[in-house]
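Have a look at the structure below, then the notes.
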Amino acid sequence: MEIISHDQRIVQRSYWFIKLRWLAIAGLFLMILFALLMNLKVQFFGLFIILAGLIIHNLLSIRLLKKLELENRLGVPVYRHVFYQITVDLIFLTILLYFSGGMENPFILFYSFHIVLGAILLPKKISYWIAVIATFLFLLLGTIEYSEILPSYSLGLFNYSTFNLQYILSLFILFSVTNFVLVYLVSNISDALKKQEQWLFVTNKKLIESNEQLKDKDRIKDEYVSRISHDIKNDLSVIQTNLTVLKKQIPGELTDSQMKFVEIALKRTHQLSDFTSKLLKITRSRLNKTVSKEKFILNDVINRVVEKMKPAADEKNINVSVKLEDTLQAYGDSFSIEEAIMNLVSNSIKYTPDNGKVNIIGSQKANYNEIIVEDTGIGIPKAELNNLFTDFFRASNAKQKKIQGTGLGLSLVYNIIKNNSGFIKVESEENKGSRFYVNIPVAN
Ligand code: ADP
């Protein structure tokens with residue numbers, strides 16, 4: 001549901017009211033046609049004048065409402081406008097009733113519609129005024145008819161001997177009581193709804209504001225993390241180079257125990273470097289949501305990934321099979337998509353025990369390419385699948401088996417695929433294996 005202010009809602013409802021009047025105009029037109037066809041004794045001239053008057057009234061109402069909206073004069077001016085519309089409607093209704101049988105016409109019930117509409121749209125006080133006007137007009141109609149100041153146009157529904165002062169008076173009392181009770185009931189319900197609407201509007205506005213603030217803070221955090229990771233990465237690469245020089249024993253020979261310490265330090269530095277570069281990539285992909293897209297052949301990207309991952313797979317004697325449909329034309333940032341597929345394949349190799357299998361399948365569906373990366377690895381516990389793509393998430397079984405990781409790879413994959421208008425999902429069973437599905441748009 002669209003959340004708009006109460007004043008705007010009143011404008012919307014006024015347009016709805018105007019639409020209702022078009023329906024009433026069409027109804028009246030049909031009734032006149034019907035009366036013409038059936039040769040009924042009705043004042044056609046009077047009815048046509050009312051029809052034309054109603055059309056002009058509705059056109060004027062639209063114009064005025066549009067003007068108020070354009071000048072942004074909502075609130076009280078719109079209330080006044082609705083009040084004016086309902087009052088004119090009531091006058092037209094009274095004239096219409098006069099020409100079509102007066103108080104004996106069952107359409108006198110139509111007064112109530114306007115009273116209900118007024119109570120819905122307008123503040124309570126003004127709604128009571130509508131009831132007063134309706135009651136006055138009804139009284140006027142009865143008086144004209146009873147006093148015969150003007151000629152009356154009977155429908156021939158009543159026998160005039162029963163249509164006496166007593167009848168008119170009781171009808172009038174019933175009519176006025178009904179009107180005021182209607183205003184009381186409807187405006188109470190409508191007031192409660194208006195309050196709720198107002199509350200919803202304010203709450204929603206606050207929610208939108210805090211959401212914007214959160215987004216801002218998130219962006220600042222990403223910028224901050226990105227800067228720090230960048231700085232750490234630079235220092236790390238200097239440490240790494242120095243440790244490598246030491247390991248190669250260029251400055252002088254190392255004892256066995258010295259070499260052990262250097263190797264541990266080098267291994268930890270590699271891990272830290274991997275962590276910071278993933279952190280850097282992830283924050284950058286979040287900060288730059290727009291990527292430069294182009295047409296490319298997905299087969300080339302996948303084959304490159306397999307080529308790069310071959311040594312890691314061979315080391316664990318894992319068989320990597322690739323089944324791709326001919327020339328999969330894709331659209332996106334091939335560089336980051338390669339990074340995403342690389343992460344998936346690297347995970348599959350990492351989380352699959354020696355002698356296992358990894359399959360990569362690529363095919364074209366309706367308007368996207370589907371790439372499946374599946375393995376016969378340790379799988380992911382069902383209860384943890386929902387958190388798989390969040391930052392720093394590591395499944396309990398991977399931690400138990402002490403397999404090294406940062407918990408950032410899949411988060412990066414998710415961002416890359418999202419920025420390339422794609423989609424990723426996973427199916428997995430613990431100790432059986434995992435299957436990742438990636439959709440990437442096809443090139444037109
Ligand atoms: P990392 O592998 O560095 O820990 P990822 O974000 O790439 O980080 O993966 C998050 C977690 O998802 C991993 O720690 C692991 O528990 C689980 N995971 C990812 N890929 C697989 C896979 N192919 N098989 C089993 N578990 C996986």
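Counting starts at 1 for both ligands and their atoms, following the listed order. In what follows, residues are counted from 1 in the order of the sequence shown. Predicted model, so just to flag it, every value in this text is computed and none were measured.
Nearest protein neighbour of atom 3 (O) of ligand 1, counting heavy atoms only, is Thr406 N, 2.8 Å. Atom 17 (C) of ligand 1 has its closest protein heavy atom at Leu388 CD1, 4.1 Å. Remark: minimum distance from atom 11 (C) of ligand 1 to any protein heavy atom is reached at Phe393 O, 3.5 Å. Atom 23 (N) of ligand 1 has its closest protein heavy atom at Asp375 OD2, 3.0 Å. The closest protein non-hydrogen atom to atom 7 (O) of ligand 1 is Asn347 ND2, 2.8 Å.
With Tyr351, Phe275, Tyr414 as candidates, the residue nearest to atom 18 (N) of ligand 1 on a non-hydrogen basis is Tyr351.
A cation-pi arrangement is absent between Lys295 and Tyr331, since the terminal nitrogen or guanidinium carbon is not both under 6.0 Å from the aromatic centre and inside a 45° cone about the axis.
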Practice prompt. Evaluate the criterion salt bridge (Lys or Arg N to Asp or Glu O under 4.0 Å) for residue pair Lys205 and Glu209; output intermediate values, then yes/no.
Written response: CA-CA 6 Å; Lys205 240 176 121 180; Glu209 273 167 21; 5.4 Å; no

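Proximity of Ala395 to ligand 1, defined as any heavy-atom pair under 4.0 Å, is shared by backbone and side chain alike.
Close N/O approach between Ser411 and ligand 1 is not found [any backbone or side-chain N/O within under 3.5 Å]. Between Gly407 and ligand 1, at least one N/O pair is under 3.5 Å apart. Every N/O-N/O distance between Lys278 and ligand 1 stays at or above 3.5 Å. Of the polar atoms of Gly409, at least one N or O is found under 3.5 Å from an N or O of ligand 1, judged by distance alone. When only interatomic distances are considered, the shortest N/O to N/O separation between Gly405 and ligand 1 does not fall below 3.5 Å.
Scored by the ring pair (Phe, Tyr, Trp, His ring centres under 6.0 Å) test, His81 finds Tyr84 as partners (sequence neighbours excluded). Residues meeting the salt bridge (Lys or Arg N to Asp or Glu O under 4.0 Å) test with Arg268, sequence neighbours left out: none.
With respect to Lys221 and Asp218, a salt bridge is recorded, a charged nitrogen being found less than 4.0 Å from a carboxylate O.
Set against the non-hydrogen atoms of Lys350, the atoms of ligand 1 under 4.0 Å away are 1 (P), 2 (O), 3 (O). Close contacts between ligand 1 and Ile380 involve ligand atoms 25 (C), 26 (N), 27 (C) [criterion: under 4.0 Å to a heavy atom].
Ring geometry for Phe138 versus Phe172: interplanar angle under 30°, hence parallel rather than tilted (30 to 60°).
The local environment of NZ in Lys310 is sparse, with at most 12 non-hydrogen atoms from other residues, nucleotides or ligands closer than 6.0 Å.
A heavy-atom separation below 4.0 Å is not found between Lys399 and ligand 1. Using 4.0 Å as the threshold, Ser434 has a heavy atom nearer than that to some atom of ligand 1. For the ligand labelled ligand 1, residue Leu408 lies inside the 4.0 Å heavy-atom shell.
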